[in-house]
> 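Below: one structure in structure tokens.
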Amino acid sequence: MDLFDKTDEPQSLTLAEGAMLLRGFALREQTAILEDLHAVIALVPFRHMVTPGGFTMSVAMSNCGELGWVTDKKGYRYDAQDPVTGKPWPDMPASFITLAHKAAMQAGYADFKPDACLINRYQVGARMSLHQDKNERDFTQPIVSVSLGVVAVFQLGSFERAGKAVKLPLYHGDVLVWGGDSRLRYHGVLPLKMGYHPAFGEYRVNLTFRKAG
Ligand code: MD6
Ligand code: FE
């Protein structure tokens, strides 16, 4: 390939049956995404939630859409209201909905209509231990995950927590579509290394779109 080949054409990679990585898929829309993200965070600032076991999460979270993912002493769940303020979550911005829909389509899921967007913010050292996403109703619906800011190492595991996990860097603009046979795979994020991104500073932000209800 020479310099003038289509190097900025997004690359699609199938990681496992049903798990597809769309490198750079969110880059084209990043200006609108960033602006809309700021508006959501102004309404629901990032906060460190507490697990049912009493641990404060290293990842800070916010939500938009009809449903938001929350955890507190009562458990993990989707809630139509912010348990802290009792108010509904901010509407999901059109730029978010469009991006999630297009990414799902690209990965072979027509008609993906997310009702929940969880926004995760990682600072240096923040991590997400291996888990399955199973608080949603319908596992035939995919999850669309958008990585922004500082690069992180994602772990793609198997169907048991102790199974082998593959490590994979996720860069600013990468989109992971997570569905089909991979929907219930264990996965996580290794502790964030020090890094810098012009728009996100030392942070990584991840948007996960779901059809939760
Ligand atoms: C993260 N992501 O990347 C954490 N879950 O910050 C997830 O836990 C995740 O990326 C389901 C599907 C895709 C994901
Ligand atoms: Fe997850």
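When a ligand or atom number is given, it counts from 1 through the structure's own listing order. Because the structure is predicted, anything quoted here is derived from the model rather than measured.
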> Given V205, I143, L170, N120, which has its nearest heavy atom closest to atom 12 (C) of ligand 1?
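That would be I143.
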> Answer yes or no: is there an ion pair linking D82 with R47, defined by an N-O contact shorter than 4.0 Å?
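R47 and D82: salt-bridged.
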> Check whether the side chains of Y78 and E136 place a donor and an acceptor atom closer than 3.5 Å, and report yes or no.
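Indeed, the side chains of Y78 and E136 share at least one donor-acceptor pair under 3.5 Å.
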> Is it the case that atom OH in Y203 sees more than 12 heavy atoms from other parts of the structure closer than 6.0 Å?
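No, because the 6.0 Å sphere around OH of Y203 holds 12 heavy atoms or fewer from other groups.
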> The Fe ion (ligand 2) is nearest to which N, O or S atom of D133?
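Nearest N/O/S atom: OD1.
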> Tell me the protein heavy atom at minimum distance from atom 3 (O) of ligand 1, and give that distance in Å.
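Sorting protein heavy atoms by distance from atom 3 (O) of ligand 1 puts R204 NH2, 3.1 Å first.
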> Check ligand 1 against V189 and write out every atom of the ligand that is under 4.0 Å from a heavy-atom position of the residue.
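Those qualifying, in numeric order: 1 (C), 3 (O), 4 (C), 6 (O).
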> When you look at R127 and S129, which way does the side chain to side chain contact (heavy atoms under 4.5 Å, CB included) test go after all the steps?
CA-CA 6 Å; R127 60 192 284 271; S129 55; 3.9 Å; yes
> With respect to atom 13 (C) of ligand 1, which of S145, A152, P142, A19 exhibits the smallest heavy-atom separation?
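Going through S145, A152, P142, A19 one by one, S145 has the nearest heavy atom to atom 13 (C) of ligand 1.
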> Nearest 0.5 Å, what's the CG-CZ distance between N120 and R204?
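That separation rounds to 7.5 Å.
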> Taking the basic N atoms (NZ, or NE/NH1/NH2) and the acidic carboxylate oxygens, is any pair closer than 4.0 Å for D111 and K113?
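Judged by the 4.0 Å cut-off on N to carboxylate O distance, D111 and K113 do form a salt bridge.
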> Against heavy atoms of D133, which atoms of ligand 1 measure under 4.0 Å?
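Checking each atom against D133, I get 5 (N), 11 (C).
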> Around atom CZ of F139, are there more than 12 heavy atoms from other residues, nucleotides or ligands closer than 6.0 Å?
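Yes, the 6.0 Å shell around CZ holds more than 12 heavy atoms from other groups.
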> Which ligand 1 atoms are under 4.0 Å away from a heavy-atom of Y122?
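That gives atoms 1 (C), 4 (C), 6 (O) of ligand 1.
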> Please list, in number order, the atoms of ligand 1 under 4.0 Å from a heavy atom of H187.
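Answer for ligand 1: 5 (N), 7 (C), 8 (O), 9 (C), 11 (C).
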> H131 heavy atoms, cut-off 4.0 Å: which ligand 1 atoms fall inside?
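Answer for ligand 1: 8 (O).
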> Considering only N, O or S atoms, which atom of H187 is nearest to the Fe ion (ligand 2)?
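Output for this pair reads NE2.
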